[in-house]
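Scroll down for the structure; my scribbles are underneath it.
As a basis for the values below, the full set of heavy atoms in this structure was taken, side chains included, without hydrogen atoms, waters or symmetry mates. Because the structure is predicted, anything quoted here is derived from the model rather than measured.
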Amino acid sequence: MAEGQGTSFYSTGEYAYDVFLNFRGADTREGFTSLLLNHLKERGIRTFFDEDSLRRGKQINSSLLRAIEESRVAVVVFSPNYASSKYCLDELVHILDCCKGIDRLVLPVFVDVDPSQVRHQSGAYGEALDKHEKQDHVDKQKLQRWRQALTDAADLSGWHIQQGYLANTHTINAISGQ
């Protein structure tokens, strides 16, 4: 990113990426996330955007973990079906683990979901976690890490928007440092 562009939370220093996008593709890929990605790219903000590599495997691959570790900012886009993805939840845990005690930011965006549902794992979030526990046989320790990560992320200051307000560039501008 050129000198003077963006804000202080984007830098060219030691990070491979300025932003790592964590999102549930089925919910926001064609809407908010693609608009945000385009906006970030237009401003020269180096953004890691994983289209589909996780759908092919059973675990987060090492290159994706490395991308999280090498990103200055993580934008977590919470949406109605976010918690139904074990991959999104695993990424979120890794994002928060990487940010402990390090000068990194996690910016939550709540798209068509109330932050309190994420924080308290109620509604669709509670249902998804219950399904993971019962049908997917996720162990209790992993489930607890997911729950704690959701609570911790929802406690961070972020944005709450509705998909119908995609023309609202205020949130996208704020995220991209404009």
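With N81 contributing its side chain and S84 its backbone, the two residues share no donor-acceptor pair below 3.5 Å. Side chain of R119 to backbone of A154: a donor-acceptor contact under 3.5 angstrom is found. A donor-acceptor contact shorter than 3.5 Å links the side chain of S85 to the backbone of C88. Side chain of S34 to main chain of G31: a donor-acceptor pair is present (N/O by atom type, distance under 3.5 Å, no hydrogens or angles).
With contacts defined as side-chain heavy-atom distances shorter than 4.5 Å, the pair F78/Y125 qualifies. A 4.5 Å side-chain heavy-atom check between Y82 and L89 finds at least one atom pair inside the cut-off. Between T33 and R24, the closest side-chain pair of non-hydrogen atoms is not below 4.5 Å. Side-chain atoms of F20 and V73, non-hydrogen and from C-beta on, never get closer than 4.5 Å to each other. Inter-residue side-chain proximity for F49 and L40 is flagged as unmet; no heavy-atom pair is nearer than 4.5 Å. Using a 4.5 Å heavy-atom threshold, the side chains of F48 and E70 count as separate. Side chains of E69 and H94 form a contact here, defined as non-hydrogen atoms less than 4.5 Å apart. Within the 4.5 Å cutoff, the side chain of F32 has heavy atoms near those of the V109 side chain.
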### Task
Apply the test salt bridge (Lys or Arg N to Asp or Glu O under 4.0 Å) to residues D130 and R147: give CA-CA distance (whole Å), side-chain angles for both, the deciding distance (0.1 Å), then the verdict.
CA-CA 11 Å; D130 288 345; R147 289 185 182 280; 3.7 Å; yes
### Query
So Q121 and T151, side-chain hydrogen bond (donor to acceptor under 3.5 Å, both in side chains) or not? Walk me through it.
CA-CA 8 Å; Q121 293 95 56; T151 299; 3.2 Å; yes
### Message
Quick one, D90 with R145, criterion salt bridge (Lys or Arg N to Asp or Glu O under 4.0 Å). Give me CA distance, side-chain angles, the key distance, then yes/no.
### Response
CA-CA 9 Å; D90 285 341; R145 285 193 310 267; over 6 Å; no
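Annotation: the span from L150 atom CG to L129 atom CG amounts to 6.0 Å, rounded to 0.5 Å. If you take OG on S157 and CG on L107, they are separated by 8.5 Å, rounding to the nearest 0.5 Å.
When only modelled atom types and interatomic distance are considered, D152 and Q148 share a side-chain donor-acceptor pair under 3.5 Å. Side-chain atoms of S122 and E127 include no donor-acceptor pair closer than 3.5 Å.
Look at R72 and D18 and you find no salt bridge, because none of the NZ, NE, NH1 or NH2 atoms lies under 4.0 Å from a carboxylate O.
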